[in-house]
Number of protein chains: 2
Amino acid sequence: MKVTISDVAKMAGVSTATVSHTINNTRYVSSETKDKVYQAISELGYTPDASARSFRTGKKKTIGFIVPDISNKFFATMIESVETYLSQQGYHLIIANTKENEEREEVNIRLLSAGLVDGLLIASTMDSAEKFESLIPAGFPVVLVDRTFDSKNFSSLCVSNFQPIYRSVCRLAGKGDHKIGIIGGLPRLSTTKERISAYQQAVTDCGLTVDDNLIRYGNSLENSAADCLDDLLDQHCDAIIATNGLMASDTIMYLHKKGLQLAKDIDLVCFVDFNSSFFQMYSNQIDSIVQPVEELGAAAGEQILKRVEDPEAPIFEKVLTSAYRPYNLPNSWNHSDR
Amino acid sequence: MKVTISDVAKMAGVSTATVSHTINNTRYVSSETKDKVYQAISELGYTPDASARSFRTGKKKTIGFIVPDISNKFFATMIESVETYLSQQGYHLIIANTKENEEREEVNIRLLSAGLVDGLLIASTMDSAEKFESLIPAGFPVVLVDRTFDSKNFSSLCVSNFQPIYRSVCRLAGKGDHKIGIIGGLPRLSTTKERISAYQQAVTDCGLTVDDNLIRYGNSLENSAADCLDDLLDQHCDAIIATNGLMASDTIMYLHKKGLQLAKDIDLVCFVDFNSSFFQMYSNQIDSIVQPVEELGAAAGEQILKRVEDPEAPIFEKVLTSAYRPYNLPNSWNHSDR
DNA sequence: GTCAAAAACGTTTGCGTAAACGTTTTGTTA
DNA sequence: TAACAAAACGTTTACGCAAACGTTTTTGAC
């Protein structure tokens, strides 16, 4: 039989209220009584029932994280840092994996917001902000991470996509590259849009011409990195920018296969996975853009808990800065520059 | 205000029981009544309260997964396949990351088993089976994944560690390698023990001598792959076996840096991450061992749900087989041989 | 010794749901 | 048209806990 709070109360010779208050430190209990209660608790092996507790209080001590792709190192690392932060604060983390599928995201938002979690962290794969917003119950704590929407109706934590791309284009142009290709992610995502527009603006500003044939969108589903690269190499690119870790590693592999030497036959700029030995291996042949995933995760955890505690808190937006690490430069550049 | 089942009942002109039965298909309800109920539900925007429901039924429709390292691709992929299976069955997944820390594992087992989840999937980092067992409440559904204990008191799903290592040692010995080094993971883990003992037995069986100087244990915390490799190269190894994805990629990087050519200066056998383009790049220079992570995850999900439904079910154990892919062999080998 | 305030604890209720148990309605057969 | 089964729904309770509300006991100031 399950041990309940009243079993404990009976054994300790006190009321259930006293047991509850003892456990939760919600009102004064004399230390003798506390001792009796704890004694009874350990003797009976009592553990408060989490369901009953959250039923009563309305708090689940759980945050949901809706992620587009768990096996992507970027999100895996982020999950790790979110979980680290939340568990320190006594919260749990529920993961939902949408696989960049809008329906899956919809289903998961519905399920999780229906009393399963206190708040939701979402890296949305949705195209339409309106659709997205219609799914979120009024007043439900939500923080957008990595990806955001134009209509700023939710708190968000993102990474600056503009600056590193802009700078790398300028650097490539400065080195004499004229045909700079870029591989973006899913076109509907805010991250992709920002990256592409940074690219376009930089290309213009550097006196080159924007050529749509040099812009390709890759993803693991339909349009692989190899497909994009086939196109880009047809255009005789002298530089390529790969805007996420998956595309980047596939690009390196592909260029290897084609027998092209990095930094010699072709310049490469990569969004690089945090702490990945694969990319470390190429750090002296490619320009790396390292996103501050761990900071992002911790900040996201912090923000969602703030909103859970005060759902009426003002909308918070923060854009973290990526580290831009061109190869072949003095170390001071590589490390201090963010 | 929150919409409850009785609001729906009132609006539909039926009892709460009928609403409940309609939602849950737990007894016959005429289709006209059903229509009225669904009508009221959508009009009010009613969603059943998950806390109240799980409080009432005792079921949380949630499984916990205690993982030693989320950002390790092996576990990230496994989380993905577990989540895929569970979400198909209407279950959610809570992740706890122990970072190979026994105390963190203990805390998480306690928290999660106290009414937060219906069952627990655990890739334990614990040394002592007794300690581990003492943490699991009697009758609580648990399935061990990837790592197991000698005392077979829990269902488990593992990957055969013996066979691929044994075969690769034999292959290396057959090629004429005499000094075969191996880098294991944390010595306390069952996986490490199995891998090392497979290595030792194969070395003996192939007529070589077991030399403890050729056995090193690496991990991301204290003893890096580089440390292990420094030792092994001092011993003039002509082959190295890296027994997990992290060690393997670090090893490749390290050997590169040292200017050693794979398959020429030194033979390399790697436990390789599923679908990793990094390892694909080396598939013609290293012998690969690919663990069936996705199968493992799905099977783990299946088993834990079986136990949740019937906690008295007999203990189930399964060992999945890794794909062993020596390089330089006809394609038929590479794909069909598992 | 009186009295008020503070300290220390008890009684009771209600959260939203599922299901046990019970009732009414409908249809069918003799 | 009684008799009864089956169909279709309603009433009520209990789950375990936290907290609102209430009571008793202790303390110490006069």
Side-chain angles (χ1 to χ4, degrees), chain A residues 1-41 44-62 90 111 113-118 137 309, chain B residues 1-41 44-62 90 111 113-118 137 309:
Chain A
M1 260 311 288
K2 187 152 190 13
V3 181
T4 75
I5 200 172
S6 56
D7 296 329
V8 175
K10 215 168 291 170
M11 171 162 239
V14 298
S15 73
T16 61
T18 300
V19 177
S20 175
H21 287 301
T22 303
I23 294 170
N24 301 301
N25 268 311
T26 37
R27 85 175 172 195
Y28 186 86
V29 178
S30 73
S31 45
E32 304 105 72
T33 310
K34 271 186 185 169
D35 286 348
K36 280 191 292 180
V37 170
Y38 283 125
Q39 171 69 23
I41 285 177
L44 293 170
Y46 168 73
T47 37
D49 184 281
S51 309
R53 184 176 268 177
S54 62
F55 171 58
R56 180 62 235 258
T57 60
K59 300 285 160 207
K60 291 96 207 165
K61 289 275 176 183
T62 303
L111 287 174
S113 62
L116 246 179
V117 297
D118 298 318
E309 278 158 29
Chain B
M1 260 310 288
K2 187 150 189 16
V3 181
T4 74
I5 199 171
S6 54
D7 296 328
V8 175
K10 217 168 291 169
M11 169 162 242
V14 299
S15 72
T16 62
T18 300
V19 177
S20 175
H21 287 301
T22 303
I23 295 171
N24 301 299
N25 269 312
T26 37
R27 85 175 172 196
Y28 185 87
V29 178
S30 74
S31 44
E32 304 106 73
T33 309
K34 271 186 185 169
D35 286 347
K36 281 192 292 181
V37 170
Y38 283 127
Q39 171 69 22
I41 285 178
L44 293 169
Y46 167 74
T47 38
D49 184 280
S51 309
R53 183 176 268 177
S54 63
F55 171 57
R56 180 62 237 255
T57 60
K59 299 286 162 206
K60 291 97 207 162
K61 289 274 175 182
T62 303
L111 287 173
S113 62
L116 247 179
V117 297
D118 298 319
E309 278 157 30

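Protein chains get the first letters and strands the later ones, always in sequence-line order, with residue 1 at the start of each. Owing to the predicted nature of the structure, the values given are computational and were not obtained by experimental measurement. Heavy atoms only: backbone and side chains are in, while hydrogens, waters and symmetry mates are out.
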D/dG16 phosphate, OP1 or OP2: any side-chain N/O from A/Thr4 under 4.0 angstrom? no
List the atom of A/Val3, the atom of A/Asp7, and the distance in Å for their closest heavy-atom pair. CA-OD2, 3.5 Å
Side-chain heavy-atom pair B/Thr4, B/Asp49 within 4.5 angstrom cut-off: no
Would you kindly give the NZ-to-P distance between B/Lys10 and D/dG10, to the nearest whole Å? 14 Å
Of the candidate nucleotides D/dT11, D/dC17, C/dG10, which contains the atom at the shortest distance from the side chain of B/Ser15? D/dT11
For the side chain of A/Ala52, starting at C-beta, report the closest nucleotide among D/dG16, C/dG10, D/dT11. D/dG16
Taken to the nearest whole Å, CZ/B/Arg53 to P/D/dG16 is 19 Å
Using a 4.0 Å cut-off on heavy atoms, which residues in residues 33-41 of chain A reach DNA chain C? List them by number, or say none. A/Thr33
Let me know the distance between CD of B/Glu32 and C1' of C/dT25, rounded to the nearest Å. 13 Å
Less than 4.0 angstrom between a side-chain N/O of A/Ser30 and OP1 or OP2 of C/dC9, yes or no? yes
Looking only at heavy atoms, the pair that brings B/Lys61 and B/Gly90 closest together is CD-O, 3.7 Å
What is the distance from CZ of B/Phe55 to C1' of D/dA14, rounded to the nearest Å? 8 Å
Phosphate contact (C/dA8 OP1 or OP2) by A/Tyr28 side-chain N/O below 4.0 Å: yes
Just the rounded figure in Å: distance from C1' of C/dG16 to CG of B/Asn24. 13 Å
Have a look at A/Gly13 and say if it touches a base, only the backbone sugar-phosphate, or nothing, with a 4.0 Å heavy-atom cut-off. sugar-phosphate
With a non-hydrogen cut-off below 4.0 angstrom, is A/Thr16 in contact with a base, only sugar-phosphate, or nothing? base
Whole-Å distance, B/Ile5 CD1 to D/dT13 P, equals 18 Å
Looking only at non-hydrogen atoms, find the nearest pair between B/Ala114 and A/Ala50 and report the distance. O-CB, 3.4 Å
Over all atoms of both residues, closest heavy-atom pair of B/Thr16 and B/Ala9: N-CB, 3.7 Å
Which nucleotide wins on minimum distance to the side chain of B/Arg27, given the candidates C/dT12, D/dC9, D/dC17? D/dC9
note: A/His21, atom NE2; C/dC9, atom C1'; distance rounded to Å ~ 9 Å
Nearest whole angstrom, please: distance from the C1' of D/dC17 to the CG of B/Asp49. 15 Å
Minimal non-hydrogen separation, B/Ile23 against B/Arg53, with atom names: CG2-NH2, 3.5 Å
Consider the side chain of A/Val29, meaning its heavy atoms from C-beta on, and name the nucleotide among C/dA19, D/dC9, C/dC9 that approaches it most closely. C/dC9
What one should report as the nearest heavy-atom pair of A/Lys60 and A/Ser54 is CA-CB, 3.9 Å
side-chain N/O A/Thr18 vs C/dG10 OP1/OP2, d < 4.0 Å: yes
Is a side-chain donor or acceptor of A/Ser15 paired with a backbone partner of A/Thr18 at a separation under 3.5 angstrom? yes
